[in-house]
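Here the structure is laid out as structure tokens; the discussion comes afterwards.
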Protein chains: 2
Amino acid sequence: MATAWELARENGLAGLSLRDLARRLGMAAPSLYSYVDSKADLYDAMYADGWRSVLALGHPEPADDVRTALLNVQRPYVQWALEDPVRYQLLNQRTIPGFEPSAPSYAIAQEAYARSFSSLEPLVELTQGDRDLITAVVAGLLSQQFANDPGGTRWVRLLEDAVDLVVPRLEAKKKPAASARGRHPQ
Amino acid sequence: MATAWELARENGLAGLSLRDLARRLGMAAPSLYSYVDSKADLYDAMYADGWRSVLALGHPEPADDVRTALLNVQRPYVQWALEDPVRYQLLNQRTIPGFEPSAPSYAIAQEAYARSFSSLEPLVELTQGDRDLITAVVAGLLSQQFANDPGGTRWVRLLEDAVDLVVPRLEAKKKPAASARGRHPQ
DNA sequence: GTCTATACTAAGATAGAC
DNA sequence: GTCTATCTTAGTATAGAC
């Protein structure tokens with residue numbers, strides 16, 4: 001898996017080839033078929049592996065305000081995305097012609113998706129539109145970053161500004177503040 | 001050019017091949033080299049062609065308020081993007097391994113970029129951060145739309161909501177209202 | 001689980017005749 | 001400007017022995 005990612009980073013996601021992979025592993029190409037049914041199956045394994053690495057970021061820190069809650073999730077996520085643009089591309093953009101993740105792999109992605117709102121849900125009653133706008137804003141920063149300033153920080157450094165665009169919309173829907181973690185004396 | 005786009009839509013951008021293109025044009029494959037120096041050169045021509053189709057949308061309608069100015073540009077742009085996801089992918093995402101646009105082709109992209117702020121600039125003193133946030137928000141809607149709901153409208157229908165996120169930030173920087181087009185009596 | 005050998009298909013590109 | 005023929009490389013995948 002690690003070698004597959006390595007090659008994808010070097011030659012592009014679409015440029016990944018089973019021959020190359022076998023060569024770098026010191027194997028003959030057909031030996032790979034003991035581990036993987038097809039190239040599509042390899043992409044699927046990488047897709048699952050990629051989303052598992054998002055889950056490995058752990059649960060976002062809880063927070064008492066919307067802005068902090070958002071930043072607690074999105075800052076590590078953006079950091080994670082920058083670590084490996086090719087991984088982000090496989091997981092979040094429809095880029096290789098026929099690929100669609102299998103149901104089990106997609107389930108991992110969904111778990112990561114759900115978790116990304118776990119610090120926010122206690123504070124705000126979110127609609128699907130809210131969630132979609134949040135993911136869009138962050139995806140937009142990353143999309144522009146990778147496309148127009150690869151290796152730089154021109155867009156991702158605007159993360160706090162971007163979050164501040166969304167905060168007012170969410171603050172309007174704040175829950176009654178259950179004081180869930182018992183931090184507030186009265 | 002039209003046939004090249006057609007094939008890219010059918011087989012994916014990376015799946016486009018010179019052989020297929022020649023076949024569909026009723027030519028032998030090598031004959032294409034009279035028109036194009038290489039496959040990369042074909043992509044470059046498509047890139048230029050794609051941005052020209054953005055310019056063909058015309059100049060955005062002027063407006064008196066920030067929100068309308070933004071929607072006058074972004075609504076047709078989103079419409080244009082939805083018409084051809086593959087075109088959007090070539091122009092706005094780093095997806096095919098080695099491709100970078102040539103300088104002349106990139107200049108067309110820059111013209112389209114500049115024009116996309118022409119309805120807003122008379123109203124607001126924009127910073128680069130403002131421009132980057134605007135492009136990111138729209139790019140985010142489109143990126144999510146294509147990746148997670150291809151053919152649908154789940155994200156793009158949030159365009160007005162997305163614009164409303166940005167408007168307050170821009171209103172804070174409004175210019176003194178030069179009444180440029182002489183519509184306001186006093 | 002790994003190998004050799006191989007089948008099959010297709011890619012981008014060039015040479016040189018017409 | 002278009003053709004035929006060909007080069008070179010590479011892809012995914014299978015068969016069958018060890």
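Note on naming: letters A, B, ... go to the chains in the order of the sequence lines (proteins, then strands), and numbering restarts at 1 for each one. All of these numbers come straight from a predicted model, not from anything done at the bench.
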Taking atom [atom2] of [N] as reference, at what distance in whole Å does atom [atom1] of [X] sit?
| X | N | atom1 | atom2 | result |
| --- | --- | --- | --- | --- |
| A:Y43 | D:dT12 | OH | P | 8 Å |
| B:N11 | C:dA10 | CG | P | 12 Å |
| A:L32 | C:dT4 | CG | P | 13 Å |
| A:L25 | C:dC3 | CG | C1' | 15 Å |
| A:L7 | D:dA10 | CG | C1' | 15 Å |

Test item: side-chain donor near acceptor, A:S53 and A:W80, under 3.5 Å =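 Indeed, the side chains of A:S53 and A:W80 share at least one donor-acceptor pair under 3.5 Å.
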request  = Give a yes/no answer on whether the side chain of B:S31 brings an N or O atom under 4.0 Å of OP1 or OP2 in D:dC3.
outcome  =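 Answer yes for this pair, as a side-chain N or O of B:S31 is under 4.0 Å from OP1 or OP2.
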remark   = Once base and sugar-phosphate atoms are separated, protein heavy atoms under 4.0 Å mark nucleotides 12-18 of chain C, 5' to 3', with B, S and - as BBB----
Check: residues 108-116 of chain B side-chain donor-acceptor pairs under 3.5 Å, at least two apart:
residue, atom, partner, partner atom, Å
B:Y113, OH, B:Q128, NE2, 3.0
B:R115, NH1, B:L55, O, 2.8
B:S116, OG, B:Y113, O, 2.7

Pairs where [range] contributes a residue and the test salt bridge (Lys or Arg N to Asp or Glu O under 4.0 Å) is met, not counting sequence neighbours:
| range | value |
| --- | --- |
| residues 134-149 of chain A | none |
| residues 124-135 of chain B | A:R154-B:D132, B:E121-B:R131, B:D130-B:R169, B:D130-B:K173 |
| residues 21-44 of chain B | B:E6-B:R24, B:E10-B:R24, B:D20-B:R23 |

request  = Provide the full list of ring-ring contact (aromatic ring centres under 6.0 Å, His included) pairs with a residue in residues 10-45 of chain B, sequence neighbours left out, each pair given once.
outcome  =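 Sorted pair list comes back empty.
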inquiry  = At 4.0 Å (heavy atoms only), tell me whether A:G15 reaches a base, stays on the sugar-phosphate, or touches nothing.
reply    = nothing
